[in-house]
**Q** 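Take this structure first; my questions come after.
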There are 2 protein chains.
Amino acid sequence: MTGIAPEFDIGARLLAMRRAARLSQRQLAERAGVPHAQISVIETNRSSPSISTLRKILTGLNLTMADFFDGERAAPEGPFFGRDDLIDLTSKVPVSGAQDMEGRITFRQIGDARRNNLQMLHEVYEAGADTGETRLEHFSNEGGYVIEGALEVTVGEDVRVLCPGESYLFDSRIPHRFRNVHDGRTVVVSACTPPYL
Amino acid sequence: MTGIAPEFDIGARLLAMRRAARLSQRQLAERAGVPHAQISVIETNRSSPSISTLRKILTGLNLTMADFFDGERAAPEGPFFGRDDLIDLTSKVPVSGAQDMEGRITFRQIGDARRNNLQMLHEVYEAGADTGETRLEHFSNEGGYVIEGALEVTVGEDVRVLCPGESYLFDSRIPHRFRNVHDGRTVVVSACTPPYL
DNA sequence: TGCGCCTGTCAAATATTTTGAGCACCCCAG
DNA sequence: CTGGGGTGCTCAAAATATTTGACAGGCGCA
């Protein structure tokens, strides 16, 4: 048996986190103090790393185990969700210029994205919030609808400011960026499939 | 190198969780579908289990990875903590008669218990809340001070109702139990060393 | 083109974990 | 006391993960 967990894709998750940190396998390996091949093997799910190994690697990403497995947290059953049923993903979303963005962008997920293969988020951007250029390679499609405020969305070469009632939909592989250009907060309801996290 | 993680004691944590679930190593092993020796080896920190293995074991305890590593979550630095800095432990505390107690007892931790080797909690018992007989074997000492309401505390053979201003302190190895006998909520500030979770 | 540097992957040797059986101990009923 | 059933721990073989160094492809630049 090649003990690979089916439910939660460790490899994909690590890959996403690493990409988000803009690190190569080798860079991460050095930070974490593990051989570089290790990263490759784990990301492609060809081994189920030991806790100690995973922890070392996570150290290089400044993440805790809890952070890493947060997505696995039991989600409310549904199909209906109250205000408090939304799952806060903020800490998990690897916003590129994360230095200054702390606490300025909030993502809350509706239900169990993985099970439904659909990730719906309620996103709140405080004034000035900016994801920076997101070059995350999730092979997904994502869309969103602006509820409040004004969101500048950049997709590849296209840029546009979206106001309440306006929306977007594109292939996630295209580098994209979200920026709140409103002086108050901007609220968006978005969807992504398959789920990013 | 015998890759054992120093920071977060996996073995102790698993032991605590297993005890809380009132399962023997063999019982848990069967539920989880792993050999019983595994449990022993992990609990004594003589191996750092693979993610897939740990997940299997956790399944037998009805826990997710996120639950298990929740304690490792980055705690606020301190030495001062605002209202929102307290860490909610409610989901992690294995209250014995947990069936009915859902949402009726709240535990919030102050700062990083593990680092300071001191776990301070703000506990809120809703009307009727009862921990049931807690036969948790933590080799700790714990104390508490009642802020509001009325708490019936049972320690071994001793029983007493504590009102605001009253307090308790005892060896945690003695079976104990907390019960809110007030018709409103009861609030307690407690401490435990070394930390239970 | 060819050099240098980067990327990620692969294969073989080594180290660790996992496995299943067996051991010692304790408790209780016969 | 003796057998049955429980507890957790130990051991050696088998399976897996980790490590190391080599490899192929991409990219920029002389």
Side-chain angles (χ1 to χ4, degrees), chain A residues 1-6 8-61 65 68-69 96 135-139 173 175, chain B residues 1-6 8-61 65 68 135-139 173 175:
Chain A
M1 190 200 305
T2 328
I4 301 299
F8 190 78
D9 188 340
I10 305 265
R13 172 97 191 181
L14 178 57
L15 175 63
M17 294 287 105
R18 179 172 62 80
R19 287 275 166 77
R22 300 241 198 284
L23 292 172
S24 70
Q25 291 183 344
R26 282 179 154 84
Q27 288 174 319
L28 173 55
E30 189 184 10
R31 283 192 182 208
V34 302
H36 57 273
Q38 185 88 296
I39 311 290
S40 172
V41 175
I42 293 172
E43 282 185 349
T44 50
N45 281 328
R46 276 173 296 131
S47 91
S48 179
S50 71
I51 298 296
S52 56
T53 297
L54 182 59
R55 209 200 302 268
K56 276 194 284 185
I57 295 175
L58 258 36
T59 301
L61 287 169
M65 288 280 172
F68 190 78
F69 286 106
S96 57
R135 194 177 275 283
L136 300 174
E137 297 175 11
H138 35 145
F139 287 75
R173 284 172 295 185
Chain B
M1 193 203 301
T2 327
I4 301 298
F8 189 77
D9 190 337
I10 304 266
R13 172 99 179 153
L14 178 57
L15 174 62
M17 294 287 103
R18 179 172 64 79
R19 287 276 167 77
R22 301 245 199 287
L23 293 172
S24 70
Q25 292 183 343
R26 283 178 153 85
Q27 288 174 319
L28 174 55
E30 189 184 12
R31 283 194 185 208
V34 303
H36 57 273
Q38 187 85 291
I39 311 290
S40 171
V41 175
I42 294 172
E43 283 185 349
T44 50
N45 282 327
R46 276 172 296 128
S47 89
S48 179
S50 72
I51 298 295
S52 55
T53 296
L54 183 59
R55 210 199 301 268
K56 277 195 283 184
I57 295 174
L58 259 34
T59 301
L61 288 169
M65 287 280 173
F68 190 79
R135 194 177 275 283
L136 301 173
E137 297 175 13
H138 36 145
F139 288 74
R173 284 170 294 184

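Letters go in sequence order (proteins before strands), and every chain restarts at 1.
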**Q** Taking atom CG of B/Leu28 and atom CD1 of B/Ile39, what is their separation to the nearest 0.5 Å?
**A** 4.0 Å
**Q** For B/Ser52, does its backbone N or O pair with a side-chain atom of A/Ser48 as donor and acceptor, under 3.5 Å?
**A**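 Looks like yes, one N/O pair under 3.5 Å.
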**Q** Quick one: are B/Leu15 and B/Arg18 in side-chain contact, heavy atoms under 4.5 Å?
**A**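 The answer is yes, as the side chains (C-beta and beyond) meet within the 4.5 Å cut-off.
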**Q** Rounded to whole angstrom units, what separation is found between the CG atom of B/Leu15 and the C1' atom of D/dG8?
**A** 11 Å
**Q** OP1, OP2 of D/dT18 versus side-chain N and O of A/Ser50: anything below 4.0 Å?
**A** yes
**Q** Among side-chain atoms of A/Thr44 and A/Arg46, is any donor-acceptor pair under 3.5 angstrom?
**A** yes
**Q** Can you measure B/Leu14 atom CG to D/dG8 atom P for me and round it to whole angstrom units?
**A**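 To the nearest whole Å, that distance equals 11 Å.
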**Q** Look at the side-chain N and O atoms of B/Gln38 and state whether any lies under 4.0 Å from the OP1 or OP2 oxygen of C/dT17.
**A** no
**Q** Between B/Ile42 (CD1) and C/dT18 (C1'), how many Å, whole number?
**A** 9 Å
**Q** Rounded to whole angstrom units, what separation is found between the CD atom of B/Glu30 and the C1' atom of D/dT7?
**A** 16 Å
**Q** Please find the pair of heavy atoms, one from B/Ala29 and one from B/His36, that lie closest to each other, and give the distance.
**A** CB-CA, 3.5 Å
**Q** Could you run through nucleotides 4-9 of chain C and give me one letter per nucleotide, 5' to 3': B if any protein heavy atom sits under 4.0 Å from the base, S if only the sugar-phosphate is that close, - if neither?
**A** ---BBB
**Q** Can you tell me if the side-chain N/O atoms of B/Ser47 get under 4.0 Å from OP1 or OP2 in C/dT18?
**A**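 Yes, because at least one side-chain N or O of B/Ser47 sits under 4.0 Å from OP1 or OP2 of C/dT18.
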**Q** Hey, what do you get for CG (A/Leu58) to CE (A/Met17), rounding to the nearest 0.5 Å?
**A** 9.5 Å
